[in-house]
Protein chains: 2
Amino acid sequence: MPNSPLPPTAWAVLGLLSFPGERTGYELKKWADASLRFFYGAPAFSQIYAELRRLEGLGYVTSRRSGPEEPRAKRAYAITEAGRDALAAWAAGGEDVGAVSLRHPVVLRVWLGHLAAPERLRALVEEHLAHAEGELKEVRDALARADGVEAWAHPQIALRWSERHLVSEVELTQGMLADLDALAHGTVNAAPDAPTAE
Amino acid sequence: MPNSPLPPTAWAVLGLLSFPGERTGYELKKWADASLRFFYGAPAFSQIYAELRRLEGLGYVTSRRSGPEEPRAKRAYAITEAGRDALAAWAAGGEDVGAVSLRHPVVLRVWLGHLAAPERLRALVEEHLAHAEGELKEVRDALARADGVEAWAHPQIALRWSERHLVSEVELTQGMLADLDALAHGTVNAAPDAPTAE
DNA sequence: TAGGACATGTAATCAGTTACATGATTAA
DNA sequence: TTAATCATGTAACTGATTACATGTCCTA
């Protein structure tokens with residue numbers, strides 16, 4: 001009945017609409033960029049629009065074209081009761097909620113560190129550190145805004161998780177930097193052309 | 001010109017071959033499952049075989065069919081000098097190393113928590129906690145094995161990062177559980193109508 | 001003798017991205 | 001008047017997964 005197996009991103013988009021009010025695809029994208037993105041990435045515009053059309057086909061959302069009273073031509077979406085039910089069923093997660101997926105290109109390069117110049121590698125990791133600090137600042141902004149605009153409890157918990165996660169990301173990166181430094185001066189031989197010595 | 005833009009996964013597979021010795025696709029998959037997967041996921045068998053064929057087409061790896069001396073018919077791959085050079089160039093990362101991508105289905109469901117029964121949500125999070133603890137155990141096993149088999153310094157740093165990351169994942173999950181509980185029995189520190197105080 | 005690990009692939013499908021295209025409205 | 005933002009889409013591509021298919025070798 002209700003469930004053809006939609007991808008998580010479709011549920012995420014529907015989830016964005018599960019909070020009161022109607023929104024355009026454009027608004028959904030902005031909101032995803034500011035909040036969803038910290039724990040689930042942010043789909044591209046094109047995908048959001050595609051998912052909205054699919055969700056409408058399933059009867060999970062309805063859309064309304066803006067009339068001439070509004071300055072700008074747009075299409076605003078709202079969740080239906082069927083959509084809310086389906087989303088709730090999905091969120092309750094029969095059995096398998098799916099695995100966490102992580103792709104960390106910086107750690108990947110460190111893993112391949114035997115091929116790189118130590119200073120270059122270090123620079124890469126330091127860039128990432130700065131980036132993570134920037135992200136942390138952004139999630140804190142989002143959290144601050146969430147007091148007013150996003151005063152719903154559960155999204156706040158998710159954002160709090162994201163904040164702690166980024167704090168940890170910063171620490172983890174610093175730890176990796178320390179490991180790299182320890183490797184560089186002294187402890188071990190990091191010979192780039194080491195023979196197949198056991 | 002060495003670089004048609006290969007996907008990170010191709011470089012990861014090539015990276016698996018950048019450590020001494022030759023390996024079959026099957027072995028690569030096992031190794032990815034035991035180590036790469038903690039910070040970059042593990043590609044499916046079919047993708048590994050596909051990437052190996054592509055890398056061979058580019059001259060980054062060579063392959064050798066097992067002769068009749070070996071019990072089992074298989075194809076073993078080894079990295080070439082060109083492959084090593086290309087990989088080193090990629091690892092040095094001109095400009096953009098790509099963004100960390102994270103998809104956390106559990107946090108996604110917590111974010112949607114207003115739709116679920118609190119006990120169900122809690123159960124979901126607790127399942128994840130147990131899972132993360134299991135993963136932590138596995139990464140520690142990998143780390144222990146790395147002393148012998150995987151005695152290369154940089155993969156060890158990556159595994160150390162993974163260990164700390166999973167420790168943090170466990171803590172983060174516990175924190176989220178605490179937030180959920182606080183929300184459930186009124187102890188909410190997140191005031192419903194906190195003013196937009198400066 | 002059966003089940004599991006080893007070993008390699010094909011086929012179909014799809015999620016998701018990038019690039020492109022268009023145009024209105026608003027603020028500088 | 002120019003740039004940014006709002007707003008919505010199409011087209012092409014490809015990364016990656018799942019399911020399937022096949023067969024060998026090892027061990028309990």
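Note that this is a predicted model, so its numbers are computed, not measured. Naming convention: chains lettered A, B, ... in sequence-line order (proteins, then strands); numbering from 1 in each chain.
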Residue whose closest nucleotide on DNA chain C lies nearer the 5' end, A:Pro8 versus B:Tyr77: B:Tyr77

Any protein N or O atoms within reach of nucleotides 2-4 of chain D? Criterion: under 3.5 Å, listing atom names and distances.
none

A:Glu51 side-chain proximity, nearest of D:dG15, C:dG16, D:dA7: C:dG16

Contact under 4.0 Å: B:Arg103 side-chain N or O vs C:dA15 OP1/OP2: no

Check: B:His154 side chain, A:His114 main-chain N or O, donor-acceptor pair, under 3.5 Å: yes

CZ on B:Phe38 to CG on B:Asp33, rounded to 0.5 Å: 9.0 Å

Selection from D:dA16, C:dG16, C:dT8 that lies nearest to any side-chain heavy atom of B:Thr9: D:dA16

Nearest-angstrom distance from the residue atom CH2 of A:Trp11 to P of C:dG16: 14 Å

Net bend of the helix from C:dT1-D:dA28 to C:dA28-D:dT1, end axes of five pairs each, nearest 10 degrees: 40°

Below 4.0 Å: OP1/OP2 of D:dT8 and any side-chain N or O of A:Arg53: no

Separation of C:dA19 P from A:Phe45 CZ (nearest whole Å): 15 Å

B:Trp31 six-ring face occupied by B:Arg37 cation (under 6.0 Å, within 45°): no

Phosphate contact (D:dC6 OP1 or OP2) by A:Thr24 side-chain N/O below 4.0 Å: no

Spacing of A:Phe39 atom CZ and B:Leu108 atom CG [to the nearest 0.5 Å]: 6.0 Å

Side chains of A:Glu133 and A:His128, donor plus acceptor under 3.5 Å: no

Atom-pair distance (CG on A:Leu52; C1' on C:dG16), nearest Å: 15 Å

Side-chain N or O of A:Tyr49 closer than 4.0 Å to phosphate OP1/OP2 of D:dG9: no

Nucleotide nearest A:Gln47 when distance is taken to its side chain, options C:dT10, C:dT8, C:dA15: C:dA15

Test applied, side chain to side chain donor-acceptor pair (under 3.5 Å); reference residue, B:Ser63; option that passes from B:Lys74, B:Glu56, B:Arg53, B:Glu22: B:Glu56

Phosphate-side-chain proximity, A:Arg23 and D:dC6, N/O vs OP1/OP2 below 4.0 Å: no

Can you tabulate the close N/O pairs, meaning under 3.5 Å, that link protein atoms to atoms of nucleotides 19-24 of chain D?
unit_1: D:dT24; atom_1: O2; unit_2: B:Arg72; atom_2: NH1; d: 2.6

Side-chain H-bond candidate by donor/acceptor type, B:His104 with B:Glu169, under 3.5 Å: yes

Length of the CZ-P vector between A:Arg75 and C:dA24, whole Å: 18 Å

Derivation of the ring pair (Phe, Tyr, Trp, His ring centres under 6.0 Å) call for B:Tyr40 and B:Trp11: CA-CA 12 Å; B:Tyr40 211 81; B:Trp11 297 115; over 10 Å; no

